[in-house]
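Reading through the structure tokens given below for one structure.
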Amino acid sequence: MVNFSQKLLKWYNINQRNLPWRATDNAYKIWLSEIILQQTRVQQGMPYYERFISEFHTIYDLAQASEDEVLKLWEGLGYYSRARNMHFTARYIVTELGGNFPDNYSDLLQLKGVGNYTAAAIASFAFKEPVAAVDGNVYRVLSRIFGIKDDISTNQAKKIFQSLANELIPDKNPDVFNQAMMDFGSMVCKPKQPLCQECFIQEECFAYRNNEIQNLPVKSKKVKVKKRFFHFLLLEDVKKNIIIEQRSSDDIWKNLYQFPIIETDNEAMETTIQSQFEEIFYNQKLIDFQELTDYSIKHQLTHQQLHIRFFKSQINHRAANAIVPEDVQKYAFPVPLKKFLEKYYHQS
DNA sequence: CTCCGGGGCG
DNA sequence: CGCCCCGGAG
């Protein structure tokens with residue numbers, strides 16, 4: 001086991017992934033990539049990274065953008081607070097730090113949207129600080145190889161893994177070690193069906209020797225999923241313009257856009273929805289109110305199961321806050337609404 | 001269809 | 001510690 005780090009580096013030397021943000025030591029680009037990759041697979045994050053970099057070459061460009069622009073570019077990636085925090089932090093660094101990116105672990109940790117993992121990743125990749133970047137891959141790799149059964153959702157376990165990783169990380173090329181751990185975790189020591197047969201540490205791996213691969217890492221989590229019932233109204237005025245609004249409350253999809261909405265606690269009848277919409281638009285007659293039954297969907301979030309239905313109607317005058325349908329592409333919508341729009345305007 | 005994986009915030 | 005999102009695997 002003493003040779004684990006050396007074997008890992010040898011493996012990495014041959015098998016490393018070629019990722020665009022690894023070809024740079026530009027802290028801004030590394031930070032951007034790490035924020036995008038939080039809770040996100042490389043495959044999905046890659047095109048977003050390319051678009052953000054080409055749209056915002058420097059942190060000044062990102063700081064100058066509006067939040068709406070940033071959210072629009074982030075559209076579809078999920079966990080939108082990452083985008084809001086990233087934008088906030090860009091402005092903070094430009095206005096408060098004179099555009100100088102923090103250059104060490106503890107200063108990086110102060111930034112909004114930057115936690116333990118991301119601070120370590122930036123510190124080691126951009127500034128070669130020997131601090132271990134412990135992400136989900138690393139928990140998995142270390143728990144299996146060393147047989148650590150502490151529940152990784154607890155703070156105590158996180159400290160144990162962090163300090164073990166900090167013992168393993170070499171002073172020389174700590175960035176390479178961190179990359180290697182994560183590549184190994186995602187390519188070989190995978191959550192499901194890990195490639196133990198081609199693993200360099202197989203014979204010494206606790207989980208493999210004890211047939212505990214499926215049991216490690218130990219992770220307790222009991223999320224209770226709440227059901228919510230969303231009813232969106234595609235309301236066209238006489239100009240065929242539609243009404244959208246920005247979500248602002250402290251809820252999912254904050255600051256993204258949507259259609260007028262009625263939310264209920266349970267499955268609701270169409271007539272109930274109609275009368276509730278009529279209350280919202282109390283001074284206007286809703287013409288030809290009907291449900292677009294083909295568009296109903298269930299959308300799963302971590303803690304919520306959304307039952308989404310769509311309705312359409314018209315009003316016989318011109319609405320002040322309506323937009324032309326072609327302009328929906330300027331606004332950031334949650335994925336289910338984005339899919340609705342694509343389907344609706346594609347075929348009608 | 002359901003479930004799982006992946007960091008940080010308030 | 002509850003909550004934030006989506007795509008892909010099963």
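Keep in mind that this is a model prediction, so the values were computed, not measured. Numbers restart at 1 for each chain; the letters A, B, ... are given by sequence-line order, proteins then strands. When reading the values below, keep in mind they use all heavy atoms of this one structure, side chains included, and skip hydrogens, waters and symmetry mates.
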Look up atom CG in A:Leu62 and atom CZ in A:Arg91, then write down how far apart they are to the nearest 0.5 Å. 9.0 Å
Please report the interatomic distance CD1(A:Ile35) to CH2(A:Trp74), rounded to the nearest 0.5 Å. 7.0 Å
Can you identify which nucleotide, out of [options], has its nearest atom closest to the [X] side chain?
X        : options              : answer
A:Tyr117 : B:dG7, B:dG10, B:dG6 : B:dG7
A:Pro191 : C:dG7, C:dC4, B:dG5  : B:dG5
A:Asp251 : C:dG7, B:dT2, C:dC4  : C:dC4
A:His299 : C:dC6, B:dT2, C:dC4  : C:dC6
A:Gln44  : C:dC6, C:dC4, B:dT2  : C:dC6
A:Val335 : B:dG8, C:dC6, C:dC4  : C:dC6
A:Pro336 : C:dC4, B:dG7, C:dC6  : C:dC6

Contact class for [X] (heavy atom, under 4.0 Å): base, sugar-phosphate, or nothing?
X        : result
A:Lys112 : sugar-phosphate
A:Val223 : nothing
A:Leu111 : sugar-phosphate
A:Lys339 : sugar-phosphate
A:Ser153 : nothing

5'-most contact on DNA chain B (nearest-nucleotide basis), A:Val114 vs A:Lys219, goes to A:Lys219
Taking the nucleotide of DNA chain B with the closest heavy atom to each, which residue, A:Val134 or A:Gln300, is nearer the 5' end? A:Gln300
Using atom [atom1] of [X] as one end and atom [atom2] of [N] as the other, report the distance to the nearest whole Å.
X        : N     : atom1 : atom2 : answer
A:Asn116 : B:dC9 : CG    : C1'   : 13 Å
A:Arg82  : B:dG6 : CZ    : P     : 14 Å
A:Gln304 : B:dC3 : CD    : P     : 16 Å
A:Gln39  : C:dG7 : CD    : C1'   : 13 Å
A:Phe161 : B:dG7 : CZ    : C1'   : 16 Å
A:Lys298 : B:dT2 : NZ    : P     : 3 Å
A:Tyr80  : C:dC6 : OH    : C1'   : 8 Å
A:Met86  : C:dC4 : CE    : C1'   : 16 Å

Salt bridge (charged side-chain N to carboxylate O under 4.0 Å, His left out) against A:Lys128, all qualifying residues, sequence neighbours excluded: A:Asp175
Sequence neighbours left out, what passes salt bridge (charged side-chain N to carboxylate O under 4.0 Å, His left out) with A:Lys112? Give chain and number order. none
side-chain hydrogen bond (donor to acceptor under 3.5 Å, both in side chains) partners of residues 41-50 of chain A, not counting sequence neighbours, each pair once: none
How would you list all residue pairs meeting side-chain hydrogen bond (donor to acceptor under 3.5 Å, both in side chains) that involve residues 228-237 of chain A, not counting sequence neighbours? A:Arg228-A:Asp251, A:Arg228-A:Glu263, A:Arg228-A:Gln304
Respond yes when some side-chain nitrogen or oxygen of [X] is under 4.0 Å from OP1 or OP2 of [N], and no when none is.
X        : N     : value
A:Trp253 : C:dC6 : yes
A:Asn137 : B:dG6 : yes
A:Thr118 : B:dG8 : yes
A:Gln38  : B:dG6 : no

Of A:Asn155 and A:Ile252, the one whose closest DNA chain C nucleotide lies more 5': A:Asn155
Is there a side-chain contact between A:Asp25 and A:Phe127, using heavy atoms and a 4.5 Å cut-off? no
Within 45° of the axis and under 6.0 Å from the centre of the six-membered ring of A:Tyr295, does NZ or CZ of A:Lys343 qualify? yes
Taking N or O atoms only and anything under 3.5 Å, show me the protein contacts with nucleotides 8-10 of chain C, one pair per line.
{"residue": "C:dG10", "atom": "OP1", "partner": "A:Gln193", "partner atom": "NE2", "Å": "3.4"}

Got a list of side-chain donor-acceptor pairs under 3.5 Å for residues 325-337 of chain A, not counting sequence neighbours?
{"residue": "A:Asp327", "atom": "OD1", "partner": "A:Lys330", "partner atom": "NZ", "Å": "3.3"}
{"residue": "A:Gln329", "atom": "NE2", "partner": "A:Glu326", "partner atom": "O", "Å": "3.1"}

